[in-house]
2 protein chains.
Amino acid sequence: MTTSETERVNAAVQRLRRAGLRNTAARRGVLDQLAHAVGGRGHLTVNELYRALLARGVAVELSTVHRVLRQLVELGIAHTVPVGRTTTFGLADDAHHHAVCGTCGDMRQLPAEAVAASVAAARAVGIDTELSGQPGGVVVYGRCARCLTAAG
Amino acid sequence: MTTSETERVNAAVQRLRRAGLRNTAARRGVLDQLAHAVGGRGHLTVNELYRALLARGVAVELSTVHRVLRQLVELGIAHTVPVGRTTTFGLADDAHHHAVCGTCGDMRQLPAEAVAASVAAARAVGIDTELSGQPGGVVVYGRCARCLTAAG
DNA sequence: ATGCTCTTGCCACTACTTTGCAATAGAACC
DNA sequence: GGTTCTATTGCAAAGTAGTGGCAAGAGCAT
């Protein structure tokens, strides 16, 4: 785990504490994994998170992972992107949006500038992404090059 | 059902026939409901569709509704927008994208021009929305005015 | 009307998520 | 360090969404 990952986890823990929530092994574990995942695919499913924690020796229940993630999302520390039948979770500490391959679930980040026009158009029809710190964001669903070729 | 709704349903049935699929009561029923829904919220969940069909006297199984919708999506006749834990379905016959309230599920349409920059940005990172006729599109998740006020 | 085969109903099953309750473990305070 | 208060977790059970197999039934070309 790099210094920057540690810092991001610590910052998230501070926010938890400020919200009156305790610094538990389950929460730190989930945050560690999320911070670590940002290098790669960026987002993880609940199950991936769960298995990664077990593999690292963090004894935790699947239902607890669900509960922890729900809280992180409510606090705006994590955000979600629905992919297929499940939901993926990522740290929300820098403002970014997502492009997802609907076939394999692969995900890329999009900078805020790139989606500004979509956000503005949504606001114009009464859907606001930015107020309220509540979960929100732009998701572009498409197909990655590999899946395009595979499908012909 | 207005004339235009009938036309849209007929057009969809033609596409089904061309794909070698039969014109069955279940499929027509689902298409009718989808065409009808466009006036209002625009998209329906599988359950809403199912109940609406039963209410209209179309005897159909829930699993059949799932199967029909999957086919419609594969053929590009319908498209999906994930909302919360489920998926909503709408007719895809005019190119539009979506802005969704993550709290109440209310949905608005966004014209293709409004999201063009997001689509381009996604393509730049290797996610293509337009090729392949496969399901895809831009979804802006946010909060509608009513839910923003309700949440404070 | 006949026959071929696509579709559906029925039902069991998987995957994902939520919830209630008792036991446990943070953290504030002494 | 020990005590106390209550948030948090484990456990187990149930709820919700979606899938798959197979035999009976329904389109449609002829």
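Below, read A as the first sequence line, B as the second, and so on, with proteins coming before strands; counting in each chain starts at 1.
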Given atom [atom1] of [X] and atom [atom2] of [N], what is their separation to the nearest angstrom?
X       : N      : atom1 : atom2 : answer
B:Leu16 : D:dC28 : CG    : P     : 10 Å
B:Leu54 : C:dT8  : CG    : P     : 15 Å
A:Gln71 : D:dA7  : CD    : P     : 12 Å
A:Glu61 : D:dA13 : CD    : C1'   : 12 Å

Each stem that DNA chain D is part of, given as range with range (3 or more consecutive Watson-Crick or G-U pairs, under 3.5 Å): C:1-30 with D:1-30
Look at the side chain of [X] and the backbone N and O of [Y], then say whether any donor-acceptor pair between them is shorter than 3.5 Å.
X        : Y        : value
B:Arg27  : B:Arg22  : yes
A:Thr86  : A:Pro82  : no
A:Arg17  : A:Leu21  : yes
A:Arg108 : B:Val125 : yes
A:Arg8   : A:Asp93  : no

Enumerate the protein-to-nucleotides 16-20 of chain D contacts in which both atoms are nitrogen or oxygen and the separation is below 3.5 Å.
unit_1, atom_1, unit_2, atom_2, d
D:dG18, OP1, B:Thr87, OG1, 3.4

Heavy-atom pair with the smallest gap, counting every atom of A:His97 and A:Val138: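 Residues A:His97 and A:Val138, closest heavy atoms: ND1-N, 2.9 Å.
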For the student: nearest non-hydrogen atoms of A:Gly76 and A:Ala92, plus distance: O-CB, 3.6 Å
Pair B:His96-B:His79, side-chain contact (heavy atoms from CB on, under 4.5 Å): steps then yes or no: CA-CA 10 Å; B:His96 64 269; B:His79 58 189; 3.3 Å; yes
Per-nucleotide protein contact string for nucleotides 23-30 of chain C (B base, S sugar-phosphate only, - none; heavy atom under 4.0 Å): --BBSS--
Options C:dC10, C:dT7, D:dG10, nucleotide nearest the side-chain atoms of A:Thr64: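 Side chain of A:Thr64 sits closest to D:dG10.
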Side chains of A:Arg67 and A:Thr64 in contact at under 4.5 Å (non-hydrogen atoms): yes
Any B:Thr80 side-chain heavy atom under 4.5 Å of B:Thr88 side chain: no
B:Arg56 bridged to B:Asp32 by N-O distance under 4.0 Å: yes
